[in-house]
Number of protein chains: 2
Amino acid sequence: MQPQIEDLAKILKVLGDPNRLGIVMSIGKSSRSVTELIDATGLSQTLVSFHLRVLRDAEIVKTERGGPFIYYSLSMPVLLDIITELSNTINLNK
Amino acid sequence: MQPQIEDLAKILKVLGDPNRLGIVMSIGKSSRSVTELIDATGLSQTLVSFHLRVLRDAEIVKTERGGPFIYYSLSMPVLLDIITELSNTINLNK
DNA sequence: AACTCATATTAGTGGCTACTCATATGGTGA
DNA sequence: TCACCATATGAGTAGCCACTAATATGAGTT
């Protein structure tokens, strides 16, 4: 099994958690601070921070400081299109 | 959080295992018997069977009997395109 | 420096999940 | 029906993963 499959599976696995996926979709193609993500998702600060670390370790999101905030954005914005595409595919299948 | 996100996350989670992803990619757009999948992946019969059940429960694959064999195929073949797309995206990012 | 606000980290825990070994089911052909 | 092949299932286990509570870090402001 090529290393490619491992990498691919890892990304999919990281995205395969409802809370993380919610965070990713909430970030969208823009960038959002942790506080904004807490509000948008309704999750606790600790939990959002925990998931953001997982997303960052997987290089799915990247960070940038702006004033007192740390802004998260997708490192591969096209990921959103892929997720949308998958979402449509699933809905068609029902 | 909409139910849609849950469904989407579930699919991603199921695909987010290297062995399962290998099985899915091995099936591709054709259909393969369990024996063929065992050969293609190098996994044990029990393990392949185990993962196929997970894939089937998630409605990612469907089955069809042909003689002594049970053939597995993707219930949404376009899934492969999406996986390929994701794969390309990840590789570009390195 | 001290205070505050935003965010990260640590430690601990329960539950899930991938895996294996052994066994069972069920179709097919003699 | 019996034997064989293909596939599925059950039980048991180790390791991982999401989550929480408490605490720490660190930038910005006064």
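Residue numbers begin at 1 in each chain, while the letters A, B, ... track the order of the sequences. Values reported hereafter were calculated over all heavy atoms of this structure, with side chains retained and with hydrogens, waters and symmetry mates removed.
Distance B:I38 CD1 to D:dC5 C1': 12 Å, rounded to the nearest Å. Distance B:I70 CD1 to D:dA6 C1': 7 Å, rounded to the nearest Å. Note: CG (B:D39) to C1' (D:dT7) measures 14 Å, nearest angstrom. In this structure, A:E64 places its CD atom 16 Å from C1' of C:dT7, rounding to the nearest Å. Counting to the nearest Å, the P atom of C:dA6 and the CD atom of A:E36 are 11 Å from each other. As a whole-Å value, the separation of B:Y71 OH from D:dA6 P is 11 Å. When the C1' atom of D:dT7 is taken as reference, atom CZ of B:F69 falls 11 Å away, rounded to whole Å. With rounding to whole Å, A:R32 atom CZ is found 13 Å from C:dT7 atom P.
Residue B:Y72 is classed as a sugar-phosphate contact, given heavy-atom separations below 4.0 Å to backbone atoms only.
Heavy-atom minimum distance, A:L74 versus A:L80: CD1-CG, 3.9 Å. Pairing each heavy atom of A:S30 with each of A:S73, the nearest pair is O-CB, 3.6 Å. The two atoms that bring B:R32 and B:I27 nearest to each other are CD-CA, 4.1 Å, heavy atoms only. Heavy-atom minimum distance, A:V14 versus A:R20: O-NE, 2.6 Å.
A:F69 belongs to a hydrophobic cluster whose remaining members, ordered by chain and number, are A:Y71; membership requires side-chain heavy atoms of ILVMFWY residues under 4.5 Å apart, directly or through intermediates.
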**Contact state string [nucleotides 25-30 of chain C, B base, S sugar-phosphate only, - no protein heavy atom under 4.0 Å]** = --SS--

**Prompt:** How would nucleotides 12-24 of chain D be written as a contact map, 5' to 3', with B for base contact, S for sugar-phosphate-only contact and - for no contact, using protein heavy atoms under 4.0 Å?
**Reply:** -----SBBBBB--

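Fit an axis to the five pairs at each end of the helix from C:dA1-D:dT30 to C:dA30-D:dT1 and the two axes sit 30° apart, to the nearest 10 degrees.
If you take CG on A:L43 and CD1 on A:I23, they are separated by 6.0 Å, rounding to the nearest 0.5 Å.
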Could you tabulate the donor-acceptor pairs under 3.5 Å formed by side-chain atoms of residues 33-40 of chain A, not counting sequence neighbours?
from  : atom 1 : to    : atom 2 : distance (Å)
A:S33 : OG     : A:E36 : N      : 3.2
A:E36 : OE1    : A:S33 : N      : 2.8

Pairs of donor and acceptor atoms involving the side chains of residues 54-61 of chain B, under 3.5 Å and at least two apart or interchain, shall be tabulated with distances.
none

**Request:** Run the numbers on A:L8 and B:I83 for side chain to side chain contact (heavy atoms under 4.5 Å, CB included), then give the verdict.
**Result:** CA-CA 8 Å; A:L8 199 44; B:I83 291 172; 3.7 Å; yes

**Request:** List the steps and the verdict of side chain to side chain contact (heavy atoms under 4.5 Å, CB included) for B:I90 and B:L86.
**Result:** CA-CA 6 Å; B:I90 293 170; B:L86 182 58; 4.1 Å; yes

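Distance alone, capped at 3.5 Å, is enough to place a donor-acceptor pair between the B:T89 side chain and the B:E85 backbone.
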